[in-house]
Every structure is written in structure tokens, then in C-alpha cells.
Novice: 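Before I ask anything, let me first share the structure, which is written out below as C-alpha cells.
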Amino acid sequence: MTDKATAAGELTDIGNKRYFGEGLLRWYRKERRDLPWRRSRNPYHIWVSEIMLQQTRVDTVIPYFNRFVGRFPTLRHLAEAPEDDVLKHWEGLGYYSRARNLQAAAREVVEHYGGEVPRGKAEVSGLKGVGPYTTGAILSIAYDQPEPAVDGNVMRVLSRYFCLEDDIARPATRVAMESLAQSLIPEGQAADFNQALMELGAMVCTPKSPSCPVCPVGEHCEGRLQGRERELPVKTKAKKARPVFRLAALIEGTGAYAGKVLVRQRPETGLLAQMWELPHIEAPDEEIWNRLDEGAGLLEAALAEDGVRVKASNEVVGEAQHIFTHLVWKIKVLGAAALEERYVADRTGYRWIGPEEFENYAWPNVFRKLLTEYFLLVRRG
DNA sequence: AATTCGGGGCC
DNA sequence: GGCCCAGAATT
């Protein structure tokens, strides 16, 4: 190995590769965390865990995983469950298309593979929500096939160990890393090796301050030897989230609907797909968002388009902010009254709900918070 | 190759 | 505030 950074595709140092795999495996077998999805080789459990773990930390996933496999113990249970039930078990976990795709894929497996997670690479990678990483993870962890499973942890570890300066934000880099990672898998030990690589990234070779002194492969880590572990991996920065200004309506029921609020379900696809929310609009810009009389008028007009006739006030009864990866919702909630209360779910996706129905629906955090506050307030009078 | 998809934990 | 996380789908 030269003292120059190497490109991921050009590594031929076989001796160093063997040292890496064996050292890592020894360490992993001693230090591996006891995680719920590591207690069996149930391919369905492995699969569910891998979907949940996409862009999501282990500590966050654990309670969701336990609840999910408790409620949907087998792939068939998941396939046959109501979609809203699946989404409810995903509430708060984020990236909700994962839940939708997971169930769709479970149904595919029942339909085409007799209810058993297939063993073929083409079959697995063809399932909805299963990309290159998850394909490798399922095949290696559940079936011990020598497929790479390259995630953010793995790219960080390999970038440092081999001192690679490839930008890990580029798809081409991931492809190169997959070849490298596959060449590192010790014969017959794909399951443990792939998990070891990720475990090292999560526990030792962490993003900010890696624990090189206790690293099982630190002696031959090129990045560390060159004192460059903190500069690696190279990654182009993400763009900043753009603000979006929104006006929501808190429409309180009266008479037979007293104590209830009018809510609606979001579309099947896209942002927060199929989740429930307060009816709201995007303000044309920040100025209009601040002019509440004008905002109330726009809100009324938009709801009227859905056949929902309300009178919106210019009184802000709640305010919230919701941060996504690529945008920030700034929400003002205006008080509103229904002019006609016979809105039904079947026709427009709108529905009156009270505190007793609240928990039967799946909410994005921001609306869960707003509605919880409201129902508490009402209960106190 | 870029953008769209959540939410939380850490600095 | 920014950064990262056991990424995938869409354009």
C-alpha cells in the first residue's frame, strides 16, 4: 500500500484483506450486541429489521421491531393485515413508504414464493423497498450467502481502513465499495462478517470521534496510520432544508359532533403518505402566511374545493414546526367552524374524530402533538 | 446524478 | 445550527 489514497476499485493487497476479515470476526463474536433480530435466523424477522433500520438508529428501531413482530408474527400475518394497522405500527418511525412497500412485498412473497422469503438475488432485490443494501443484508444474514451489504457504516469503515477518498455520496462509490466488501468476506462467514462490519462502524469506527485505540483492526488501518481517520470518509454536503409556510384549520364540531375535530387522510403516495392530519394549505409565501385575514380566506377556499365548507377565523390557536430532511414546515393553526357538519370519510377522506378515536389513527409527530394538546385543553375546559 | 422521502440523537 | 443514521424510489 502506498502512502497515497487508493481508489476503491484498485485494491489488491490480499494479505491485508485476510487480516481484516479474521480480526473483525474475532472481535465481533466477543462484542456483538444482543439485538432482538439477532436471536434467530428467521428471514422474515431479518427482513423487517433491515427495512426499519434504513436510515434509522438501532436504539430507535428496537421497540418498533418488537411491537411489529408481536402484532405480525409471520409474513402471512403481515400480508393479511389491514394497511392502516401496519401504518399505525410504523407511526413515528418515519419514511412511511417503507411500511407500505414492506406489506406489498410480503403479499408478493405469499403470492409468488409460497410465503417464504426467496433465496435468489434477483427475487429478493425485486421486492418492493428492497434495494442493493437490503438485498445483501437479507441474503447474507438469513441465508449466509456471500453478498455484500454496504451501508453508511460500511463505507465509513472501508474509507478509513483503506484510506479511500472516493465521495461516498456518489452512487458509483457505493458500487465500488460493494466489490471491495464482497472480496473481504471470509469463506462461509458472510452473515457474521457483514454484521461485524456494521457493528464496528456503529460502536468503534464512529463518524465524529472513532475509538481507534480499541479498534480490532486498527493496527493495519491505513487511514489511522496516516492520521487521517477524522477526515474520512469524504462526503459532499447535503443542501439545506427549505422552509414551507402552512396554514392549518382546527375545525371544532358542535351539536352531535361536539368535542370532535375535523381531520383528513393524506394521499396514498408522497410525503407522509396515508397518514392523518389537520386540513391545511401551503401559503403562497411568508408574507401572505403572516396576513391572517387573507390566509383564512385561502384556507376556506381550498377546503371548499374538497366540499368542506368552513368559516376560518384569523385567530392563531396553535403553532408548530416540523423538520424534514429536505424541508421545514412552519405551521400556524387557525380556529375554524364548520358551516355544515355532515362531512363523511367515505367521500373526501375527511372525518370527525374525538379523543377516544385519536389513537386509532396514524399521525405525523407534528399533528399528534397539536391534537394531543387540543384534546387535553378541551378536557380541562 | 439529483431529489424525495422522517425523525431523533449528538455535537 | 449541522451532521448522521443497517437506503430506496423516482425523475
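A note on names: the letters A, B, ... follow the listed sequences, proteins ahead of strands, and every chain is numbered from 1.
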Novice: Please determine whether any donor N or O and acceptor N or O are separated by less than 3.5 Å between the side chain of A/Arg57 and the base of C/dC4.
Specialist: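 Side chain to base: pair present.
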
Novice: Checking all strands, does A/Arg38 fall into the base, sugar-phosphate, or nothing category for heavy-atom contacts under 4.0 angstrom?
Specialist: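 It contacts base atoms.
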
Novice: Under 4.0 Å, counting only non-hydrogen atoms across every strand here, what does A/Thr56 touch: a base, just sugar-phosphate, or nothing?
Specialist: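 The answer is base, as A/Thr56 lies within the cut-off (heavy atoms under 4.0 Å) of a base atom.
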
Novice: Contact class for A/Ser97 (heavy atom, under 4.0 Å): base, sugar-phosphate, or nothing?
Specialist: nothing

Novice: May I ask you to verify if any side-chain N or O of A/Arg156 is less than 4.0 angstrom from the OP1 or OP2 atom of C/dC5?
Specialist: yes

Novice: When the nearest nucleotide of DNA chain C is assigned to A/Lys128 and to A/Arg33 on a heavy-atom basis, which residue is associated with the more 5' position?
Specialist: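 Upstream on the strand: A/Arg33.
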
Novice: Any chance CD of A/Glu340 has more than 12 other-residue heavy atoms, nucleotides or ligands included, within less than 6.0 Å?
Specialist: yes

Novice: Within the 4.0 Å heavy-atom criterion, would you say A/Phe324 contacts the bases, only the backbone, or no part of the nucleic acid?
Specialist: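 It contacts sugar-phosphate atoms only.
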
Novice: Write down the distance between CD1 (A/Ile62) and C1' (B/dG9), rounded to a whole number of angstrom.
Specialist: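 One finds 14 Å between C1' of B/dG9 and CD1 of A/Ile62, rounded.
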
Novice: Check the phosphate of B/dT4 against A/Tyr95, side-chain N and O only, distance under 4.0 Å to OP1 or OP2. Yes or no?
Specialist: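 For B/dT4, neither OP1 nor OP2 has a side-chain N or O of A/Tyr95 closer than 4.0 Å.
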
Novice: Just to be sure I understand the rule, does A/Leu35 reach a base, reach only the sugar-phosphate, or reach nothing, if contact means heavy atoms closer than 4.0 Å?
Specialist: base

Novice: Look at all strands and tell whether A/Val61 reaches a base, only sugar-phosphate, or nothing, counting heavy atoms closer than 4.0 Å.
Specialist: nothing

Novice: Would you say the ring centers of A/Trp90 and A/Tyr95 fall short of 6.0 Å from each other?
Specialist: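 They do not qualify: ring centres at least 6.0 Å apart.
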
Novice: Please classify the nucleic acid contact of A/Trp37 as base, sugar-phosphate, or nothing, using heavy-atom distances under 4.0 Å.
Specialist: base

Novice: Can you see if the side chain of A/Asn101 gets near the phosphate of B/dC5 - specifically, an N or O under 4.0 Å from OP1 or OP2?
Specialist: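 Checking B/dC5 against A/Asn101, no side-chain N or O comes under 4.0 Å of OP1 or OP2.
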
Novice: With sugar-phosphate meaning primed atoms plus P, OP1 and OP2, does A/Leu272 contact a base, only sugar-phosphate, or nothing at under 4.0 Å between heavy atoms?
Specialist: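 Touches sugar-phosphate only.
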
Novice: Would you kindly check whether a donor in the side chain of A/Thr325 faces an acceptor in the base of B/dG6, or vice versa, at under 3.5 angstrom?
Specialist: yes

Novice: Give a yes or no on this: more than 12 heavy atoms of other residues, nucleotides or ligands lie within 6.0 Å of atom CD of A/Glu356.
Specialist: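 Yes - once you tally the heavy atoms of other residues, nucleotides and ligands closer than 6.0 Å, there are more than 12.
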
Novice: Would you mind classifying the nucleic acid contact of A/Thr134 as base, sugar-phosphate or nothing, using non-hydrogen atoms under 4.0 angstrom?
Specialist: sugar-phosphate

Novice: Cationic tip of A/Lys332 within the cone over A/Trp289's six-membered ring, i.e. under 6.0 Å and within 45° of the normal?
Specialist: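 Verdict for A/Trp289: a cation-pi partner in A/Lys332.
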
Novice: Quick one: side chains of residues 236-249 of chain A, donor-acceptor pairs under 3.5 Å with protein atoms, not counting sequence neighbours, listed by atom name and distance.
Specialist:
residue, atom, partner, partner atom, Å
A/Thr236, OG1, A/Asp167, OD2, 3.4
A/Arg246, NH1, A/His280, NE2, 2.9

Novice: Starting from the 5' end of DNA chain B, give me the residue, A/Pro171 or A/His322, whose nearest nucleotide shows up first.
Specialist: A/Pro171

Novice: With a non-hydrogen cut-off below 4.0 angstrom, is A/Gly201 in contact with a base, only sugar-phosphate, or nothing?
Specialist: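 Touches nothing.
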
